[in-house]
Each structure stands twice: as C-alpha cells, then as structure tokens.
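Have a look at the structure below before the remarks.
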Amino acid sequence: MSVEREVRWLIDGVLGDDIAMSLACLRILQDDYLPWLERSAVLRARRSGRDWARIGRLLGRSRQAVRKRFGGVAPVGALLPPSLPATEQSEVEAERRAVVAQFRRERDADDAATTGSLTAW
C-alpha cells in the first residue's frame, strides 16, 4: 500500500466510530507519519530552493528553530516512509497491537478487493 493510501486509511480510522481503532490510528499518525511528513515537506522545500526563513514562516516557527530541527536531515532516509516502532509489552501495548493488527488485516483486505486478488480460504 502506498504511504498516501495508508495515511488516508489512518485518518479514516481516526474519524471512525470504533474508539479503540480511532485512538490507535491517531497514535500511529502522531508518532510515525506526522514527523515524517514534516521532514519530507521541509526537505522538498529546501531542494526547491526555499530558504530557512521562508520555511519557518510557513510552519509558524522561527528560521533558527526550523534550521536547528531540520538542518541535519539526511536526504537519503528522509523520504522513506516510517515503520511502526517496536515498544515494550504491556496491557496497553498489547491492546494497541491488536488494534493495529486489525487495521492491517482490513487494509490488506481492502487492497486485495481493489486489485481483485482476494482468495477464499
């Protein structure tokens, strides 16, 4: 699945009726995708010739803060999508993992239905 489709799916999950799914999707977006999207946007802006002052104004931050935060962004890894972080097991983490597993099953089923590769067991 493309990053764009996954982010859209996560946003739909946040706005959905299932509270556990909504919270899990929100956490994935906050922890994994939003920082990655911000880094990617800043890197693309720098590559297109925007200076730190303009990027800072557009992000509502100072030039110095943006340069300090993103000045050392490595171009090679900055545009690679994030993977879900490995964290320690706990009851909350186990529930989150179950919701994420459900998210992935539904996402894969949606992909299979879209591509016509859905097979019956």
Side-chain angles (χ1 to χ4, degrees):
M1 173 182 285
S2 73
V3 172
E4 180 181 347
R5 285 192 63 203
E6 188 157 342
V7 169
R8 287 176 190 262
W9 202 96
L10 286 165
I11 290 170
D12 288 344
V14 169
L15 299 174
D17 294 332
D18 183 341
I19 299 301
M21 177 71 85
S22 178
L23 294 172
C25 289
L26 179 62
R27 179 160 177 205
I28 293 168
L29 280 168
Q30 286 176 327
D31 292 350
D32 299 336
Y33 286 97
L34 293 180
W36 172 76
L37 287 168
E38 186 179 32
R39 280 191 315 272
S40 297
V42 169
L43 183 59
R44 286 194 325 266
R46 289 292 292 159
R47 286 181 177 166
S48 71
R50 303 298 193 284
D51 62 15
W52 290 115
R54 181 159 185 186
I55 294 169
R57 281 194 305 273
L58 291 170
L59 292 176
R61 299 185 188 140
S62 70
R63 170 190 61 81
Q64 296 89 341
V66 173
R67 185 168 184 209
K68 181 177 180 181
R69 181 167 181 179
F70 300 106
V73 173
V76 175
L79 294 179
L80 297 176
S83 59
L84 294 176
T87 57
E88 64 185 79
Q89 270 297 9
S90 67
E91 288 181 23
V92 174
E93 183 62 22
E95 181 178 358
R96 187 178 81 82
R97 286 178 188 264
V99 172
V100 169
Q102 177 66 28
F103 157 73
R104 288 182 173 161
R105 283 192 296 275
E106 290 177 15
R107 179 193 63 195
D108 293 344
D110 286 347
D111 283 349
T114 302
T115 62
S117 62
L118 190 60
T119 58
W121 288 86

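The figures here come from the full heavy-atom set of this structure, side chains too, leaving out hydrogens, waters and symmetry mates. Quick note: residue numbers are just sequence positions, from 1.
- Listed by chain and number, the residues in a side chain to side chain donor-acceptor pair (under 3.5 Å) with E38 are R61, R69 (sequence neighbours excluded).
- Partners of S22 according to the side-chain contact (heavy atoms from CB on, under 4.5 Å) rule, which considers only residues two or more places apart in sequence or in another chain, are V14.
- For L23, the side-chain contact (heavy atoms from CB on, under 4.5 Å) partners are I19, not counting sequence neighbours.
- Here the closest heavy-atom approach between residue C25 and residue G13 is recorded as SG-CA, 3.9 Å.
- Proximity of L58 to I55: side-chain heavy atoms (C-beta onward) are nowhere separated by under 4.5 Å.
- At least one side-chain heavy atom of V42 sits under 4.5 Å from a side-chain heavy atom of W52.
- Applying the salt bridge (charged side-chain N to carboxylate O under 4.0 Å, His left out) test to pairs two or more places apart or on separate chains, none has a residue in residues 50-59.
- In this structure, I28 and Y33 have side chains that are in contact, with non-hydrogen atoms separated by less than 4.5 Å.
- For the atom pair CZ of R39 and CG of L34, the computed distance is 11.0 Å after rounding to the nearest 0.5 Å.
- Under the rule for a side chain to side chain donor-acceptor pair (under 3.5 Å), R63 has no partner lying at least two apart in sequence or in another chain.
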